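As the structure is a computational prediction, the values presented were derived from the model and not from experiment. Quick note: numbers below take in every heavy atom, side chains included, and nothing from hydrogens, waters or symmetry partners. Chain A is the first sequence line, chain B the second, and so forth, proteins listed ahead of strands; every chain is numbered from 1.
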2 protein chains.
Amino acid sequence: MAETDTTSPRERYRAQVRTEIKDRAWEQIATAGASALSLNAIAKQMGMSGPALYRYFASRDELITELIRDAYRSLADTFRAAWGSGSDHAALAHALREWALDDPQRYFLIYGTPVPGYHAPDDVTAIAAEIMTILLDACAALPADGPATPFDAHLEGHRQWAGDHPAPPEALRRALAFWTRLHGVLSLELAGHFTGMRFDPALLFTAELDDLLAH
Amino acid sequence: MAETDTTSPRERYRAQVRTEIKDRAWEQIATAGASALSLNAIAKQMGMSGPALYRYFASRDELITELIRDAYRSLADTFRAAWGSGSDHAALAHALREWALDDPQRYFLIYGTPVPGYHAPDDVTAIAAEIMTILLDACAALPADGPATPFDAHLEGHRQWAGDHPAPPEALRRALAFWTRLHGVLSLELAGHFTGMRFDPALLFTAELDDLLAH
DNA sequence: TAAGTTTCGTGATAGCCTCTAACTAAATCT
DNA sequence: AGATTTAGTTAGAGGCTATCACGAAACTTA
């Protein structure tokens, strides 16, 4: 016997229309970038007139913020799943890469060009912190390597972030390196800066990853 | 005695108006991002009516392409100057960082979110190659470190890029690492992903740089 | 079931934007 | 001085975001 749905038909319909709007928005973003996203075009695709969409999203910016939120959530879920099943650092990194390749514009919605005025709402930064926590868990599980660096000492004194994560400063440093280096390779690959050069970006990615795990 | 100017007054006037348009465009981009760039607004600022600007730039896209071109040229000049005076790798890296901090949106015009359909014209990619050449010169001048990696072997077989630069594959690998790692730190810093965390991004940057130069 | 209320979608409209076209006036060339 | 090129204008087509007032459908409640 199916569980009684607590939501009213209206709420269900509303949620359904909202997700259809978002699906179309993702399509547009994937093919033409976020700046080309048009509420009007989405409305026409769905067979209704422009202003109707404003019943579902207060503004274009609010829709984009919602997409950013979903992108963060998707990345956090991918991360949690990848780290949860096996605690394999390489698997975590490759999960990130596959998630990014799956929809480059979704990656850039999070890590791409920032809009000068924009500040993400608190719940979004909370998801970002969640992602960082998983990364810190992973780096805390890494075997120790060389001596503490000067930068470790600096991090020791400035670790407000990471929500009082119990990782040692060395793990903080390695989490940052993990993040910045993989992002460095990935974002240049996704932006097409390696096309024309003939090497395989996947090998560069794993080379960086190996270097991160070796040290 | 002043050199006779080969350009006619009209050409000079035209060039002057073009640069004023570009200056205003840079202001707009710096304060509101490239997607908010408005030819109309620029025209009003300059005291003329909208369509007048189309005498100077065929379209909004052509103006942006011109800005991208100038950004690349500026970066290439900065790079050449930084490497030319002293051949100091750290100075080269810090010149990059200062150039980026000087106008983050200019950096993102080159290395930020790509527009799916867009392909840069050949002369722009030529400047990009020029930048890469300087980086390869620098990495070729680096003392050799450990044994060849598997990725070195791959690069050996796929070095169409770099315009037949005489650098050994190890230098190619290090140039890529230089590029991707510094970009990784820089782009996340410029996009504001480190705000909230309390550490100093400059120290992370130099830590990555030191690591690059130590190995 | 009937009346009241909330919600959805509409068309009209204001105010941006890019870009084209026709026209005037000024600068330059012959 | 006359012919030609060029710079700027206004008008307008067609796109966009967003607001508003209105009708119609769907729920809620008496």
Nearest-nucleotide pick for [X], side chain only, options being [options]:
{"X": "A:M48", "options": "D:dT17, C:dT10, C:dC17", "answer": "C:dT10"}
{"X": "A:A41", "options": "C:dC19, C:dT10, D:dC16", "answer": "D:dC16"}
{"X": "A:R10", "options": "C:dC8, C:dA21, C:dT10", "answer": "C:dC8"}
{"X": "A:P51", "options": "C:dG9, D:dT10, C:dA12", "answer": "C:dA12"}

Legend entry - Whichever of B:R60 and B:P9 has its nearest DNA chain C nucleotide further upstream toward 5': B:R60

Legend entry - Distance-only side-chain donor-acceptor flag, A:S187 / B:H183, under 3.5 Å: yes

Inset, instruction - Say whether A:Y118 and A:T65, considering side chains only, have a donor N or O and an acceptor N or O under 3.5 Å apart. - result: yes

Legend entry - Side-chain N or O of B:S49 closer than 4.0 Å to phosphate OP1/OP2 of D:dG8: no

Inset, instruction - Using a 4.0 Å heavy-atom cut-off across all strands, classify B:S38 as base, sugar-phosphate, or nothing. - result: sugar-phosphate

Inset, instruction - Looking at every strand, decide which applies to A:F57 at a 4.0 Å heavy-atom threshold: base, sugar-phosphate, or nothing. - result: nothing

Legend entry - d(CD, A:Q28; C1', D:dC16) in whole Å: 12 Å

Inset, instruction - Could you tell me whether a side-chain N or O of B:R24 sits under 3.5 Å from a main-chain N or O of B:L39, the two making a donor and an acceptor? - result: no

Legend entry - Ionic contact status for B:D70 with B:R106, cut-off 4.0 Å: no

